[in-house]
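Report on the structure given below.
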Amino acid sequence: MNYPQENIKPYNADEKKSVQVEKMFDNIAHVYDRLNHTLSLGIDKSWRRKAIAWLKPFHPQRIMDVATGTGDFAIQAYQDLLPEELIGTDISEGMMNVGKEKVQRNGLTGKIIFAKEDCTSLTFGAESFDAVTVAFGVRNFEDLDKGLSEICRVLTPNGKLVILELSYPEKFPMKQLYAIYSRIVIPTLGKLFSKDNSAYHYLPQSIKAFPQGEVMKNIIGKAGFREVSFKRLTFGICTLYMASK
């Protein structure tokens, strides 16, 4: 099925979305962390902690962090869960290069490894991981159904999926305030920090178009997952999705 956000692309209508997303993140990799924490007022750290806390009772030993970007979630997950293996995958070499530097600074070289992967066509065998995490990257998938099905394929039976994704608040007054913030503040700061005007116009558009709540829950279920649930965080600005294979 084709979802609205799959048609929203950073630069033009013609080139494949995955190609443009890779180019965009390579362009903004050097400022991504600083801008991300600024735009979220640092609240993104607490969202990651909540996602990792849900995984903790299951003690996953083999974890893949899809759309790992600069590795923030992977680093936090390793420090809190101490798995035997943690692989961060992404299509952007630029973002992962920043991640590798952060892993080194945190004394985790060899504990977290990075691999360039297309989430719609993973190179890993079936049942390779106990848990897969995706933090703020699922709306950038070229094909949402295919990406989720691939994640399901590489998970062990009863393996866990955790998704954190930015979402659009539905209730007054946060809905109205967020509309102004996403239309004016995000693109303005994005242009100021990164010099890539398109990237931070794409961000709010992709958030607004992305399926959320019950709709996303059903999409995850159709990809082969069970016990799918979700929790809205910080007045609905972010949503945490949890599921088992």
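Just so we're clear, the structure is a prediction, and the values are computed from it rather than from any experiment.
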Practice item. For residues S206 and L203, report the shortest heavy-atom separation together with the two atoms involved. Key: OG-O, 2.8 Å
Practice item. Report yes or no: does D196 contribute a side-chain atom to a donor-acceptor pair with the main-chain N or O of I28 at less than 3.5 Å? Key: no
Review point. Hey, any chance Y178 and I180 share a hydrophobic cluster, counting ILVMFWY side chains that come within less than 4.5 Å of each other, even indirectly?
Key: no
Check your understanding: So do the side chains of K208 and Q5 get within less than 4.5 Å of each other, counting heavy atoms only?
Key -> no
Would you give me the side-chain donor-acceptor pairs under 3.5 Å for residues 161-170, sequence neighbours excluded?
from	atom 1	to	atom 2	distance (Å)
E165	OE1	G137	N	3.4
E165	OE1	V138	N	3.2
E165	OE1	R139	N	3.2
E165	OE2	R139	NH1	2.4
S167	OG	G236	O	2.8
S167	OG	T239	OG1	2.8

Point to revise | Shared hydrophobic cluster, F129 / L81 (ILVMFWY, side-chain heavy atoms < 4.5 Å) | key: no
Review point. Between D80 and R49, is there a salt bridge with N-O shorter than 4.0 Å?
Key: no
Check your understanding: E127 and V154: side-chain contact (heavy atoms from CB on, under 4.5 Å), yes or no, with the steps?
Key -> CA-CA 4 Å; E127 302 182 7; V154 301; over 6 Å; no
**Study point:** N-O pairing of D143 and K17 below 4.0 Å
**Key:** no
Point to revise | Gap between atom CD of Q176 and atom CE of M174 - 0.5 Å precision | key: 10.5 Å
Point to revise | same_hphob_cluster(F172, I237) at 4.5 Å side-chain heavy-atom cutoff | key: no
Exercise for review: Spell out, yes or no, whether I52 and L82 are grouped together once hydrophobic residues are joined by side-chain heavy atoms under 4.5 Å, including indirect joins.
Suggested key: yes
Check your understanding: Just how far is it from atom NZ of K9 to atom OG of S198, taken to the nearest 0.5 Å?
Key -> 14.0 Å
Review point. Which is it for I87 and F114 under the side-chain contact (heavy atoms from CB on, under 4.5 Å) test, yes or no, and what are the steps along the way?
Key: CA-CA 6 Å; I87 297 174; F114 292 89; over 6 Å; no
Point to revise | Flag if over 12 foreign heavy atoms under 6.0 Å of NZ, K116 | key: yes
**Study point:** Residue pair C238, F136: steps toward the side-chain contact (heavy atoms from CB on, under 4.5 Å) verdict
**Key:** CA-CA 9 Å; C238 178; F136 315 116; 3.9 Å; yes
Point to revise | Main-chain N/O of L144 paired with E6 side-chain donor or acceptor, under 3.5 Å | key: yes
Review point. Do D72 and Y32 have a side chain donor and acceptor closer than 3.5 Å?
Key: no
Review point. Do E150 side-chain atoms and C119 backbone N/O form a donor-acceptor pair below 3.5 Å?
Key: no
Point to revise | No-hydrogen, no-angle side-chain donor-acceptor test under 3.5 Å, E142 and T120 | key: no
Practice item. Please report the closest heavy-atom contact between L148 and F225, naming both atoms and the distance. Key: O-CE1, 3.6 Å
Report, one line per pair, each donor and acceptor closer than 3.5 Å where one atom sits in a side chain of residues 183-191; sequence neighbours left out.
from	atom 1	to	atom 2	distance (Å)
T188	OG1	I184	O	2.6

Review point. Side chains of Y11 and N27: donor-acceptor distance under 3.5 Å anywhere?
Key: yes
**Study point:** S92 side-chain N/O to M95 backbone N/O, donor-acceptor pair under 3.5 Å
**Key:** yes
Practice item. May I ask you to test the L240-F230 pair for a side-chain heavy-atom distance under 4.5 Å? Key: no
Check your understanding: So do the side chains of Q20 and N12 get within less than 4.5 Å of each other, counting heavy atoms only?
Key -> yes
Review point. Do other residues, nucleotides or ligands put more than 12 heavy atoms under 6.0 Å from the CD atom of Q104?
Key: no
Review point. Side chains of V134 and F73: does their closest heavy-atom pair fall under 4.5 Å?
Key: no
Point to revise | Any side-chain heavy-atom pair of I151 and L155 under 4.5 Å | key: yes
Review point. Would a distance-only check, ignoring hydrogens and angles, find a side-chain to backbone donor-acceptor pair under 3.5 Å from D44 to S40?
Key: no
Revision key, fill the gap. Heavy atoms of Y202 and I8 approach each other most closely as CE1-O, 3.3 Å
Point to revise | K146 atom NZ: more than 12 heavy-atom contacts under 6.0 Å | key: no
Practice item. May I ask you to decide if T123's main-chain N or O and E117's side chain share a donor-acceptor pair within less than 3.5 Å? Key: yes
Point to revise | Common cluster, Y78/W47, ILVMFWY with side-chain heavy-atom separation under 4.5 Å | key: yes
Practice item. Would you give the length of the straight line joining atom OH of Y200 to atom CZ of F193, rounded to the nearest 0.5 angstrom? Key: 9.5 Å
Point to revise | Stepwise side-chain contact (heavy atoms from CB on, under 4.5 Å) check, K160 with K245 | key: CA-CA 6 Å; K160 306 302 175 188; K245 178 173 176 178; over 6 Å; no
Review point. Which atom names give the shortest non-hydrogen contact between A67 and D90, and what distance separates them?
Key: C-OD2, 3.2 Å
Practice item. List the atom of R226, the atom of N158, and the distance in Å for their closest heavy-atom pair. Key: NH2-OD1, 2.6 Å
Got a list of side-chain donor-acceptor pairs under 3.5 Å for residues 53-66, not counting sequence neighbours?
from	atom 1	to	atom 2	distance (Å)
Q61	OE1	E84	N	3.4
Q61	NE2	H59	O	3.3
R62	NH1	S128	O	3.2
R62	NH2	D130	OD1	3.2
D65	OD1	T133	OG1	2.7
D65	OD2	T68	OG1	2.8

Check your understanding: Do V103 and R105 touch side chain to side chain, with heavy atoms closer than 4.5 Å?
Key -> no
Check your understanding: Are E15 and K23 within salt-bridge range, i.e. N to O under 4.0 Å?
Key -> yes
Check your understanding: Which heavy atom in A74 sits nearest to a heavy atom in I112, and how many Å separate them?
Key -> O-CD1, 3.7 Å
Review point. Are side-chain heavy atoms of V21 and K16 found at a separation under 4.5 Å?
Key: no
**Study point:** Enclosure of K222 NZ (heavy-atom neighbours >12, cutoff 6.0 Å)
**Key:** yes
**Study point:** Rounded distance (nearest 0.5 Å) linking atom CZ of F25 with atom CE of M96
**Key:** 12.5 Å
**Study point:** T70-K102 side chain donor-acceptor pair, cut-off 3.5 Å
**Key:** yes
Check your understanding: Once you round to the nearest 0.5 Å, how far does OG of S149 lie from CG of L122?
Key -> 11.0 Å
Review point. Taking the side chain from Y181 and the backbone from L39, do they hold a donor-acceptor pair closer than 3.5 Å?
Key: yes
Practice item. State the NE2-OG distance between H30 and S194, to the nearest 0.5 angstrom. Key: 7.0 Å
